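We count residues from 1, following the sequence as given. Just so we're clear, the structure is a prediction, and the values are computed from it rather than from any experiment.
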Amino acid sequence: MKDNDTGMKDCIVIGAGTAGLSAALTLARARRSTLVIDAGQQSNLAAPGIGGLLGHDRGPPAEFYSAGRAQLMAYPSVEIHRDLIADAIQEDDASFTVTYSSGRRERVRSMVLAAGMDYCYPQLHGMDERWGHSVFHCPFCHGWELRDRPMGVLANGAVGVHGALNLRAWSDQITLLTNGSRLTNQQREQLAVGGVGLDERPIAAFDGPGTELRTAVFADGEALSIGALLVKTTLYQRSSLARSLGASLTEPDEMLSVEAIKVDAMFRTGVPGLYAAGDAATSVPPSMAAAMASGYLAGAAAAVQSATGY
């Protein structure tokens with residue numbers, strides 16, 4: 001572990017979700033001086049349990065993050081700050097100067113961006129309070145807990161058909177809700193062959209007690225009984241740092257609606273010393289398992305760069 005005379009740290013990890021904690025642990029075990037910035041904005045905190053992470057399946061997300069932070073604090077080279085980064089610039093020597101929201105500044109040799117994503121979905125009445133419970137974006141994360149209920153899929157076009165057909169593994173009562181959009185005849189035939197219902201009427205609201213979902217209420221006043229809702233969601237960068245530092249981003253498309261930071265196999269962004277991991281750097285559907293692996297690789301790459309310069 002080294003800090004030079006200026007007190008420059010080896011790495012700063014922006015974000016303390018699964019990827020950020022994983023990257024920081026890898027750096028800590030490589031004896032790299034590491035700052036972790038935790039804004040407390042982990043995307044799955046709204047969910048009652050973690051879905052599909054080996055060793056932590058169905059455990060509360062908050063407990064997972066608390067345990068991760070506690071493990072990190074056992075390493076003397078790690079500091080965790082509950083803060084936000086307002087700005088970051090790359091200096092002529094390729095190091096980074098980061099500015100906290102409080103105005104405080106730090107100088108670091110490398111940076112791992114793991115701030116996560118903002119999940120954007122149609123703003124229909126009754127969805128926000130059920131998000132992460134009976135309204136969800138990933139069947140692999142939530143499908144088991146919601147299995148065998150009548151389910152709706154809120155989407156349209158090819159992505160709606162694909163999502164509805166895939167959801168049949170968790171329920172045999174699936175209805176695609178297009179909220180006023182019209183499918184092609186070929187798409188209608190695909191749904192019919194797959195045994196999936198279709199309702200193209202505009203939706204007014206989703207209703208049910210607390211976080212539970214019981215009905216989709218249409219604009220004409222009629223209702224459909226459903227107990228869960230899969231929603232097409234577009235993921236956008238939560239932090240502007242990747243763009244401001246010159247990293248390239250993907251453009252969301254119909255099937256993979258993710259504005260991801262472009263990285264190589266070791267999660268290098270192409271900007272010297274800048275790495276990205278987790279949801280922010282994956283163009284495929286996000287998961288905690290993938291985030292943990294990407295954090296490990298980004299942390300390892302940053303540790304090697306700190307030691308070798310490349």
Side-chain angles (χ1 to χ4, degrees), residues 41-52 58 60-62 116-183 187-188 190-192 194-236 238 252 254 257 279 285-287:
Q41 297 176 337
Q42 293 85 354
S43 297
N44 64 345
L45 286 176
I50 296 167
R58 292 185 279 181
M117 303 286 259
D118 284 331
Y119 288 59
C120 298
Y121 50 85
Q123 291 300 296
L124 294 171
H125 182 75
M127 290 182 63
D128 285 350
E129 56 267 43
R130 295 174 178 86
W131 179 253
H133 295 267
S134 52
V135 176
F136 62 102
H137 78 285
C138 174
F140 295 99
C141 299
H142 299 275
W144 174 261
E145 285 71 26
L146 300 170
R147 65 193 184 280
D148 297 328
R149 302 184 188 188
M151 295 186 181
V153 177
L154 180 60
N156 54 60
V159 69
V161 173
H162 179 273
L165 293 174
N166 180 58
L167 202 58
R168 292 175 303 171
W170 289 273
S171 173
D172 59 5
Q173 300 177 70
I174 307 295
T175 304
L176 177 60
L177 308 173
T178 67
N179 193 28
S181 295
R182 306 285 292 179
L183 297 186
Q187 290 166 343
R188 292 169 183 272
Q190 286 178 282
L191 293 178
V196 173
L198 172 65
D199 201 310
E200 297 173 313
R201 288 177 291 178
I203 298 168
F206 293 96
D207 199 11
T211 60
E212 292 295 310
L213 178 61
R214 297 286 173 80
T215 58
V217 182
F218 297 100
D220 62 11
E222 294 188 6
L224 173 71
S225 294
I226 54 174
L229 181 71
L230 173 65
V231 182
K232 181 183 183 296
T233 305
T234 302
L235 277 63
Y236 294 101
R238 180 173 292 151
E254 182 183 9
S257 301
D279 291 3
S287 73

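- Of the inter-residue distances, the one linking Leu176 atom CG with Gln190 atom CD reads 11.0 Å to the nearest 0.5 angstrom.
- Rounding to the nearest 0.5 angstrom, the gap separating the CG atom in Leu229 from the CE atom in Met127 is 5.5 Å.
- Side chain of Arg201 to backbone of Asp220: no donor-acceptor contact under 3.5 angstrom is found.
- Note: His137 and Tyr119 meet the aromatic proximity criterion, with ring centroids under 6.0 Å apart.
- Counting only distance, with no hydrogens or angles, the side chain of Glu145 and the backbone of Gly143 share no donor-acceptor pair below 3.5 Å.
- The two atoms that bring Gly210 and Glu129 nearest to each other are O-CG, 4.5 Å, heavy atoms only.
- Of the candidates Leu167, Leu191, Leu165, Asn166, Ile174 forms a side-chain contact (heavy atoms from CB on, under 4.5 Å) with just one, namely Leu167.
- Going from atom CG of Asp199 over to atom OG1 of Thr178 covers 7.5 Å, rounded to the nearest 0.5 Å.
- Among all heavy-atom pairs drawn from Thr211 and Arg130, the shortest one is O-CG, 3.4 Å.
- Taking the side chain as every heavy atom from C-beta outward, Met151 and Leu230 never approach each other to under 4.5 Å.
- Here the closest non-hydrogen pair linking Glu212 and Ser134 is C-OG, 3.6 Å.
- Taking all atoms of both residues into account, the shortest heavy-atom contact from Pro122 to Leu154 is CG-CD2, 4.1 Å.
- The backbone N or O of Thr233 lies less than 3.5 Å from no partner atom in the side chain of Ser257, so there is not a single donor-acceptor pair.
- The nearest pair of heavy atoms linking Phe206 to Ala216 is CE2-CB, 3.6 Å.
- Put simply, CG on Leu213 and OG on Ser225 are 9.5 Å apart, with the number rounded to the nearest 0.5 Å.
- Taking both residues in full, the closest heavy atoms of Ile226 and Leu177 are given as CD1-CD1, 4.4 Å, listed atom of the first, atom of the second, then distance.
- Between the Ser171 side chain and the Arg149 main chain, a donor and an acceptor come within less than 3.5 Å of each other.
- Distance NZ/Lys232 to CG/Asn156: 7.5 Å, rounded to 0.5 Å.
- Within the 3.5 Å criterion, the main-chain N or O of Ile203 finds a donor-acceptor partner in the side chain of Asn179.
- Taken to the nearest 0.5 Å, the CG atom of Leu198 stands 8.0 Å off from the CZ atom of Arg182.
- When each of Pro61, Ser287, Cys141 is paired with Ile50, the side-chain contact (heavy atoms from CB on, under 4.5 Å) condition holds for Pro61 and for no other.
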